[in-house]
Trainee: 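Before I ask anything, let me first share the structure, which is written out below as structure tokens.
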Amino acid sequence: MKFTYQSLPKNQKGAVLAISLIILLLMTIIGVSAMQGTTLQEKMAGNLRDYNLAFQAGEAALRDAERYLFNTASLPSFSDSCTNGFCTPSVPTNAPKWKMLNTSNVSYWYDTATIRTRSYGTSTGASNLPTVSRQPQTMLEELIIAPLDPSDPPIMRYRITSQGYGAAFTTDSGVVKPHARVMLQTIVQR
């Protein structure tokens with residue numbers, strides 16, 4: 001048996017190594033950008049879920065306040081200071097109470113020292129919502145509308161403003177501050 005030996009070219013430059021390193025670098029860049037896109041989508045999905053929880057909590061608070069209005073024979077007195085969430089109407093040229101009390105201090109709805117809002121389930125027996133960071137709050141404003149015929153009694157309507165909170169939160173000096181906050185409003189006639 002006869003063996004033949006072939007000699008390798010003497011001037012190899014390692015082109016395959018350089019090309020494979022470039023391809024590996026490109027694959028790494030594609031993988032990192034795909035991971036960043038996936039992480040962004042996860043954050044967006046989490047924020048959307050948190051917003052939806054806040055919206056549903058706000059809706060539940062509206063329904064709870066409506067249930068209270070329609071099932072209570074005699075409502076408590078409404079005051080200018082919004083004691084326990086019952087507010088008298090503001091002067092027509094002024095902003096509504098919910099807006100006047102909310103624009104200067106967003107944490108107004110979180111204030112537990114001076115209770116100007118009603119917590120979800122107050123006087124209705126509704127159980128707490130389990131998946132939210134704070135129970136939703138409501139404020140009821142009494143709106144008296146003068147009838148067209150002065151001999152008719154005034155029409156009583158109520159503006160219900162609710163604020164629902166999502167599940168994600170941060171704590172600042174012992175105060176729970178939800179990331180998602182949704183404010184909803186309805187006007188009902190009793």
Side-chain angles (χ1 to χ4, degrees), residues 43-92 94-145 153-190:
K43 286 180 183 178
M44 290 187 313
N47 287 340
L48 182 62
R49 178 185 179 275
D50 204 34
Y51 168 78
N52 281 334
L53 282 174
F55 185 83
Q56 291 171 17
E59 278 282 328
L62 281 180
R63 301 299 162 246
D64 184 61
E66 287 174 1
R67 188 177 322 114
Y68 176 77
L69 277 174
F70 293 124
N71 294 334
T72 305
S74 64
L75 295 173
S77 61
F78 287 73
S79 69
D80 194 41
S81 62
C82 296
T83 307
N84 292 327
F86 296 99
C87 305
T88 55
S90 56
V91 178
N94 290 349
K97 290 284 171 77
W98 67 268
K99 193 172 186 181
M100 286 174 35
L101 298 171
N102 197 44
T103 53
S104 61
N105 185 5
V106 173
S107 65
Y108 164 79
W109 289 78
Y110 310 147
D111 188 9
T112 55
T114 57
I115 301 172
R116 294 187 183 129
T117 59
R118 297 182 42 161
S119 292
Y120 176 75
T122 303
S123 303
T124 61
S127 58
N128 285 344
L129 301 176
T131 57
V132 295
S133 58
R134 293 192 77 232
Q135 292 304 306
Q137 303 289 313
T138 57
M139 177 185 290
L140 290 85
E141 292 178 77
E142 186 177 48
L143 305 173
I144 302 170
I145 300 170
I155 300 169
M156 298 302 294
R157 291 196 177 134
Y158 301 91
R159 178 188 296 131
I160 304 170
T161 306
S162 74
Q163 215 173 77
Y165 309 100
F169 66 94
T170 55
T171 306
D172 183 21
S173 303
V175 176
V176 174
K177 295 192 176 179
H179 291 184
R181 181 176 74 116
V182 174
M183 186 177 279
L184 301 173
Q185 213 170 60
T186 187
I187 295 178
V188 296
Q189 181 173 333
R190 182 178 164 181

Trainee: Compare every heavy atom of Asp64 with every heavy atom of Gly121, then report the nearest pair and how far apart it is.
Mentor: N-OD2, 3.0 Å

Trainee: Is any side-chain heavy atom of Tyr51 closer than 4.5 Å to one of Val182?
Mentor: yes

Trainee: Kindly compute the distance separating CG (Leu62) from CZ (Arg67), expressed to the nearest 0.5 Å.
Mentor: 11.5 Å

Trainee: Before you tell me yes or no, could you show the steps for Leu75 and Leu69 under side chain to side chain contact (heavy atoms under 4.5 Å, CB included), namely the whole-Å CA-CA distance, both residues' side-chain angles and the distance that decides it to 0.1 Å?
Mentor: CA-CA 7 Å; Leu75 295 173; Leu69 277 174; 3.7 Å; yes

Trainee: Between Thr72 and Tyr68, is there a donor-acceptor pair closer than 3.5 Å when you use the side chain of the first and the backbone of the second?
Mentor: yes

Trainee: Any chance the side chains of Ser119 and Gln135 put a donor and an acceptor closer than 3.5 Å?
Mentor: no

Trainee: Between side-chain atoms of residues 52-60 and protein atoms elsewhere (two or more places apart, or another chain), which donor-acceptor pairs fall under 3.5 Å?
Mentor:
{"from": "Asn52", "atom 1": "ND2", "to": "Leu48", "atom 2": "O", "distance (Å)": "3.4"}
{"from": "Glu59", "atom 1": "OE1", "to": "Arg63", "atom 2": "NH2", "distance (Å)": "3.2"}

Trainee: Please round to the nearest 0.5 Å and tell me the distance separating atom CD of Gln163 and atom CE of Met183.
Mentor: 4.0 Å

Trainee: Please work out whether the ring planes of Phe86 and Phe78 are parallel, tilted or perpendicular, with thresholds of 30° and 60°.
Mentor: perpendicular

Trainee: Atom CZ of Arg190 and atom CD of Glu66: how far apart are they, to the nearest 0.5 Å?
Mentor: 13.0 Å

Trainee: Would Thr161 and Leu184 satisfy side chain to side chain contact (heavy atoms under 4.5 Å, CB included), going step by step from the backbone distance to the final call?
Mentor: CA-CA 6 Å; Thr161 306; Leu184 301 173; over 6 Å; no

Trainee: Identify the two heavy atoms, one from Val132 and one from Leu129, that lie closest to each other, and give their separation to 0.1 Å.
Mentor: CG2-O, 3.7 Å

Trainee: Looking at Ala61, is its backbone amide N or carbonyl O close enough to the side chain of Ser162 to form a donor-acceptor pair, meaning the two atoms are under 3.5 Å apart?
Mentor: no

Trainee: Minimum heavy-atom separation for Phe169 to Ser133, with atom names?
Mentor: CD2-CB, 3.6 Å

Trainee: With side chain to side chain donor-acceptor pair (under 3.5 Å) as the criterion, how do Glu142 and Thr88 come out once you've worked through the C-alpha distance, each side chain's angles and the decisive distance to 0.1 Å?
Mentor: CA-CA 5 Å; Glu142 186 177 48; Thr88 55; over 6 Å; no

Trainee: To the nearest 0.5 Å, how far apart are OH in Tyr165 and OG1 in Thr131?
Mentor: 15.0 Å

Trainee: Under 6.0 Å from the ring centre and within 45 degrees of the ring axis: does the NZ or CZ of Arg134 meet both conditions for the six-membered ring of Tyr120?
Mentor: no

Trainee: From Glu141 CD over to Ile160 CD1, what is the distance, rounded to the nearest 0.5 angstrom?
Mentor: 10.5 Å

Trainee: Would Arg159 and Gln185 count as a side chain to side chain contact (heavy atoms under 4.5 Å, CB included) here? Give the steps.
Mentor: CA-CA 7 Å; Arg159 178 188 296 131; Gln185 213 170 60; 3.5 Å; yes

Trainee: First locate atom CZ of Arg157, then atom CG of Leu143, and finally report the distance between them rounded to the nearest 0.5 Å.
Mentor: 8.5 Å

